[in-house]
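Some notes on the structure that comes next.
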Amino acid sequence: MTTSQAPGRSTARRALDTPRSFVAWGLAHGLQCALIHRGARRGDLISRMVVDPALREDPFPAYEELRARGPVSANEVISASVDHAVCNEVLRSDAFGTAGGQGELPRPLQWLHHKVIDPEALGPVDPPSMLAVDPPLHTRYRKQVARAFTARKVGRLGDRVADVATELLDAIADRADDELDLVEDYAAQLPVTVIADLLGVPADDRGRLLQLGNEAAVTLDPGLSWGQYRRAETALRELHTWFAGHVERITADPGDDLISQLARLDGPDRLDRTELHQVGLLVLAAGFETTVNLIGNAVVLLDRHPDQLRWLLDHPEGWPNAVDEVLRHQSPVQLTMRVALRETEVAGRPYQPGHGILLYLGGANRDPAVFDDPATFDVTRANADQHVAFSAGVHYCLGASLARLEAAVALRALYERFPDLRLSGTPQPRRTRVLRGFEHLPVRVGAAVR
Ligand code: HEM
């Protein structure tokens with residue numbers, strides 16, 4: 001049997017610093033980067049929201065500034081919205097699409113970008129990633145993957161998620177006197193273990209995959225500098241190299257995991273090598289790069305609201321709603337983007353094909369037209385689940401029920417075992433703009449309850 005190549009030792013660095021990488025960066029990010037920085041220097045709010053580090057850490061005042069200007073605002077390059085109705089409308093509209101993730105580029109430059117980008121360095125928002133293609137291609141990929149995430153299949157994972165949580169909490173209980181990093185020791189481990197099971201990933205590879213996923217996550221952000229792009233590209237190449245080894249191993253010794261199923265497809269459904277990589281790596285990365293933030297964000301919010309934590313300990317049936325309230329209040333995915341595919345109109349504003357709109361999901365989830373007193377965190381909020389934290393329309397998150405299940409099980413198990421768990425230092429936020437969460441959460445867990 002061939003073994004999967006250990007992530008980390010690879011030929012990954014071979015094509016770095018080549019002119020091809022530089023051109024790919026220039027087209028995907030460099031032009032954007034220059035325009036956005038110019039806009040930000042002139043004080044343009046939409047540009048500042050993309051590059052200002054202060055607005056990365058606390059984007060909420062900027063969301064309110066944007067909201068005060070109306071349902072949609074625009075600068076000379078792009079428009080943006082924090083309006084719940086507009087976000088929903090655009091995400092569900094077939095007049096808008098992802099346009100290959102490069103919609104703001106003129107068509108000839110999009111074509112050039114597709115030509116120069118190396119298939120072994122494609123990121124989660126590069127086609128043919130499911131996130132970056134429109135129907136009918138999107139429908140074809142989604143149909144294959146959706147089979148693994150039906151409500152029935154996810155429901156059956158409940159026991160496995162609870163077992164993983166128990167194993168991790170047992171290990172934490174052995175170190176209860178130490179200061180722990182809740183992200184590293186729990187919030188990241190639980191989702192990566194579950195998704196690794198679903199995709200047939202060997203346990204030994206999980207740690208390195210987490211690290212590579214973290215390094216590559218920045219590629220979701222717009223307007224990366226060449227340095228950021230290069231570092232992320234290195235991680236992406238290693239991920240692709242690892243994935244190729246994983247597919248080889250699985251093809252020689254197939255199981256009933258999702259990658260084995262995708263690799264087995266035949267006839268018109270068959271995925272070519274690049275498609276298989278993009279679909280598989282997206283599910284893998286989406287499976288652990290987001291839920292970790294949901295769990296971490298919940299821990300910080302509950303630390304700040306101990307009365308609500310006490311209420312949940314007395315009313316454990318409230319955990320699923322509490323998870324939705326965390327998704328609403330501190331959305332792990334703050335932002336997505338769509339591009340007009342034909343002439344259309346949103347909130348009275350005309351759109352020409354190719355015109356992009358930034359949809360701030362994290363801002364829509366604070367829309368006072370939908371949520372009373374939206375800045376307040378309230379685990380009993382009646383309509384918490386009306387958030388758009390999982391997007392809407394054809395790209396609605398495929399892992400939404402799994403993420404909800406993982407977070408509710410993980411949080412309940414954590415606090416029932418360690419009801420006195422408290423932050424013991426300053427949480428360190430992630431340095432990404434699209435993904436919102438914490439890189440490190442120092443905690444003391446206190447005495448365990450059996
Ligand atoms: C808190 C956890 C999660 C959040 C907040 C989240 C959020 C999102 C969002 C906002 C999108 C759509 C982006 C867009 O419309 O442009 C998305 C798509 C997706 N998510 Fe999630 N996600 C989470 C967990 C997961 C998990 C656990 C998995 C897999 C096991 C997953 C798999 C996917 C996939 C495959 C897509 C692409 C769907 C498509 O394009 O049709 N997600 N997610």
Side-chain angles (χ1 to χ4, degrees), residues 87-88 90-93 96-101 103 124-125 127-150 153-154 157 161 187-188 190-199 201 213 217 220 222 257-259 262 278-298 323-339 356-362 364-365 387-411 434-437:
C87 287
N88 248 309
V90 172
L91 290 167
R92 291 168 195 273
S93 164
F96 284 87
T98 61
V125 286
S129 161
M130 228 191 304
L131 272 177
V133 293
D134 299 323
L137 195 52
H138 172 265
T139 322
R140 182 174 153 239
Y141 300 151
R142 177 137 178 152
K143 190 179 85 183
Q144 303 306 338
V145 184
R147 292 182 185 152
F149 293 95
T150 58
K153 288 206 171 146
V154 170
L157 286 173
V161 176
L190 186 126
V192 80
T193 306
V194 174
I195 199 72
D197 278 4
L198 282 173
L199 301 189
V201 174
L220 292 170
D257 59 89
L258 177 63
I259 302 300
L262 294 176
Q278 285 301 79
V279 171
L281 282 172
L282 173 68
V283 176
L284 179 66
F288 64 77
E289 276 299 315
T290 46
T291 315
V292 52
N293 300 324
L294 172 57
I295 298 172
N297 294 350
V323 166
D324 272 309
E325 178 64 352
V326 176
L327 283 159
R328 183 195 74 80
H329 194 273
Q330 294 293 330
S331 309
V333 176
Q334 285 284 311
L335 156 73
T336 187
M337 187 184 146
R338 291 294 185 269
V339 174
I357 177 164
L358 295 165
L359 302 166
Y360 282 93
L361 307 175
N365 290 337
H387 62 72
V388 284
F390 290 124
S391 187
V394 295
H395 292 279
Y396 179 78
C397 175
L398 204 52
S401 12
L402 178 60
R404 282 186 163 117
L405 172 83
E406 286 178 343
V409 171
L411 290 166
V434 169
L435 298 182
R436 180 169 182 78

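Atoms within each ligand, like the ligands themselves, are counted from 1 in listed order. What you see is a predicted model, and the numbers here were worked out from it, not measured in a lab.
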Would you say the side chain of Val145 lies within less than 4.5 Å of the side chain of Leu282, judging by non-hydrogen atoms? no

Assess Glu406 for proximity to ligand 1: is some non-hydrogen atom of it under 4.0 Å away? no

Using a 4.0 Å heavy-atom cut-off, say whether Pro191 meets ligand 1 through its side chain, its backbone, both or neither. neither

Quick one: does His138's side chain get under 4.5 Å of Met130's, heavy atoms only? yes

Side-chain heavy atoms of Thr290 within contact of Leu435, under 4.5 Å: yes

Would you say Met337 and Ile357 make side-chain contact, with heavy atoms under 4.5 Å? no

Within less than 2.8 Å, report the number of protein N/O/S atoms around atom 21 (Fe) of ligand 1. 1

A student checking ligand 1 against Val394 at a 4.0 Å heavy-atom cut-off should list atoms 41 (O)

With atoms numbered from 1 as shown, which atoms in ligand 1 lie under 4.0 angstrom from a non-hydrogen atom of Ala389? 5 (C), 7 (C), 10 (C)

Could you establish whether Phe149 and ligand 1 come within less than 4.0 Å of each other, counting only heavy atoms on the residue side? yes

Nearest option to atom 16 (O) of ligand 1, as decided by whichever heavy atom of Leu282, Thr336, Val279, Val145 sits closest: Thr336

Determine, stepwise, if the pair Leu361 / Leu91 fulfils side-chain contact (heavy atoms from CB on, under 4.5 Å). CA-CA 11 Å; Leu361 307 175; Leu91 290 167; 4.0 Å; yes

Just one of Val333, Thr336, Val434, Leu335 clears the side chain to side chain contact (heavy atoms under 4.5 Å, CB included) bar with Leu220, so which one? Val434

Is the closest heavy atom of Asn293 to ligand 1 under 4.0 Å? no

Contact (N/O only, under 3.5 Å) between Tyr396 and ligand 1: no

Using a strict 4.0 Å cut-off to heavy atoms of Ile195, name the atoms of ligand 1 that fall inside it. 30 (C)

Backbone, side chain, both or neither: what part of Leu402 comes under 4.0 angstrom of ligand 1, heavy atoms only? side chain

Around atom 40 (O) of ligand 1, find the nearest protein heavy atom and jot down its residue, atom name and distance. His395 ND1, 2.7 Å

Any heavy atom of His138 under 4.0 Å from ligand 1? The part involved is side chain

Identify the closest protein heavy atom to atom 37 (C) of ligand 1: which residue and atom is it, and at what distance? Leu131 CD2, 3.9 Å

Is the closest side-chain heavy-atom distance between Arg436 and Asn293 below 4.5 Å? no

Using a strict cut-off of 4.0 Å, indicate which atoms of ligand 1 neighbour a heavy atom of Leu294. 1 (C)

Identify the heavy atoms of Asn365 and Ser331 that sit nearest to each other, and give their distance. ND2-OG, 2.9 Å

Mark up the atoms of ligand 1 that fall under 4.0 Å of a heavy atom belonging to Arg142, in ascending order. 38 (C), 39 (C), 41 (O)

Is there at least one pair of N or O atoms, one from Thr291 and one from ligand 1, spaced under 3.5 Å apart? no

If we set the cut-off at 4.0 Å for heavy atoms, which region of Arg338 has an atom near ligand 1: side chain, backbone, both, or neither? side chain

